[in-house]
Amino acid sequence: MKQQKRHQTRFITTILLLVMTGALVFLSIVLYNHEKLEIRFDTLINWLQKIDDAIVALDSDTEIILCIFALYIAKCQLPIPMGFLCVISGIVFPLWQAVVINIIFSFFFFIVKYVEGGFIGGGWTGMILGIKQLRFLRDWIQFKGTGNPYVLFVSRLLPSIPLGMVSKYYGSMKYDLVYYSCLSLLGFMPRLFIYTKIGGAIFNPFSVQFIVLLIIVVAFTGISAFVFNVFYGIKSKQMNQTLLIYSEKEKYKIVL
C-alpha cells in the first residue's frame with residue numbers, strides 16, 4: 001500500500017513536470033519567433049486592435065463596472081476563474097484603474113465567502129480535510145483552532161489552491177476578519193496584478209510582454225502544484241510512520 005502511494009506521488013510529480021516543461025518550451029519558442037508570428041498573424045492582431053478601440057470608445061464606464069461587478073457576484077456561487085475576471089478588467093480599463101477595480105471586487109468576494117463559511121461551515125474543504133490521509137493538513141491549517149496565517153497567505157499566492165474553498169474554511173473557524181482581509185489581499189496581489197496586466201496585453205498575443213506574462217503564470221502554477229504534491233507525499237509518509245509506531249506500542253501495551 002505504501003509502495004503504491006509512493007509510486008502514485010512520483011507519477012503525479014512526473015506528469016506535472018512534463019506538462020510544465022512542455023508548456024514552457026512551447027512558450028519559449030513562441031517568444032523567440034514572436035516577430036515572425038506577428039507578421040504571419042497580422043490580420044488577427046488588427047482585428048483584436050479594432051476590438052480594443054471599440055471597447056475604449058464605450059460611453060459609460062459605470063455600466064461596464066456594474067457588469068464586471070455582476071460577474072464577481074456570480075463568481076461567489078459559480079466556478080468562474082478569478083484570473084478570468086481580472087483579465088476582463090484589464091481589457092476594458094487602463095492598468096492601474098483595472099487593478100483598483102479588481103482589488104475592490106476581490107475584497108468583496110473574499111468577504112462574501114468568509115461570511116458564507118461562518119454560517120454554513122467549511123463545506124467541501126472541511127469534508128476533504130476530514131479524510132484520514134489529509135488530517136495533518138487540517139491540523140496545520142487550524143493551528144490549534146485559531147487558523148494559520150501563513151497558510152492563508154500562501155493559499156492566496158498559489159494558483160493551484162481554490163480561493164473560495166479556503167475563504168469558507170477560515171470563515172467557519174471564525175478567523176479574525178481584519179487579519180483575514182489583509183492577508184487575503186496581500187497574498188492575492190501578485191496574481192491579481194499579473195492577470196490584470198495580461199488583460200491589457202491580450203490584444204497582441206504575440207507580443208513579448210504577453211508571452212512573458214504567460215510564462216510566469218505557467219511556471220508559477222506548475223511549480224506550486226509540484227511543491228504541494230511533494231509536500232503531501234513527505235507529510236503522508238511521516239504520518240504513516242507515526243501511525244505504525246503508535247500501533248506497535250499499542251500492540252505490546254500492558255493494561256493493569
Closest contact, heavy atoms only, Ser89 versus Ile101: OG-CG2, 4.1 Å

Heavy-atom pair with the smallest gap, counting every atom of Asp176 and Tyr179: OD1-N, 3.0 Å

Step-by-step side chain to side chain contact (heavy atoms under 4.5 Å, CB included) determination, Phe193 to Leu95: CA-CA 9 Å; Phe193 180 79; Leu95 177 62; 4.1 Å; yes

Pairwise distance CG(Leu183) to OH(Tyr150) - rounded to 0.5 angstrom: 10.0 Å

Donor-acceptor contact below 3.5 Å, side chain Ser155 vs main chain Leu152: yes

is_close_aromatic(Phe108, Tyr72), centroid dist under 6.0 Å: no

Cluster overlap Trp96 with Ile104, hydrophobic side-chain contacts below 4.5 Å: yes

Min side-chain heavy-atom separation Phe105-Ile68 under 4.5 Å: yes

Exam field: side chain Arg156 to backbone Leu185, donor-acceptor pair closer than 3.5 Å: no

Nearest heavy-atom neighbours spanning Ile91 and Gly199: CG1-O, 3.3 Å

Under 3.5 Å: donor-acceptor pair, side chain of Tyr169, backbone of Gly164: no

Worked verdict on Ile65 versus Phe93 for side chain to side chain contact (heavy atoms under 4.5 Å, CB included): CA-CA 10 Å; Ile65 292 174; Phe93 294 99; 3.5 Å; yes

Ile120 reachable from Leu78 in the ILVMFWY side-chain graph, under 4.5 Å edges: yes

Path from Met173 to Phe119 over hydrophobic side-chain contacts below 4.5 Å: yes

Arg191 side, atom CZ; Ser106 side, atom OG - distance, nearest 0.5 Å: 9.5 Å

Side-chain donor/acceptor of Lys113 to backbone N/O of Leu163, under 3.5 Å: no

Rounded distance [0.5 Å steps], OG in Ser184 versus CG in Leu177: 9.5 Å

Nonpolar side-chain network containing Val25, other nodes, edges under 4.5 Å: Ile29

Distance-minimising heavy-atom pair for Leu85 and Asn102: O-OD1, 3.9 Å

Full working for side chain to side chain contact (heavy atoms under 4.5 Å, CB included) between Val87 and Thr196: CA-CA 5 Å; Val87 167; Thr196 307; over 6 Å; no

Mutual orientation of the aromatic rings belonging to Phe110 and Tyr180 [parallel < 30°, tilted 30-60°, perpendicular > 60°]: perpendicular

Nearest heavy-atom neighbours spanning Val112 and Cys76: CG1-SG, 3.7 Å

Within the 6.0 Å centroid threshold, strictly below: Tyr170 and Tyr114: no

Met82 and Phe188: CA distance, side-chain angles, deciding distance, side chain to side chain contact (heavy atoms under 4.5 Å, CB included) verdict: CA-CA 10 Å; Met82 185 67 85; Phe188 188 60; 3.2 Å; yes

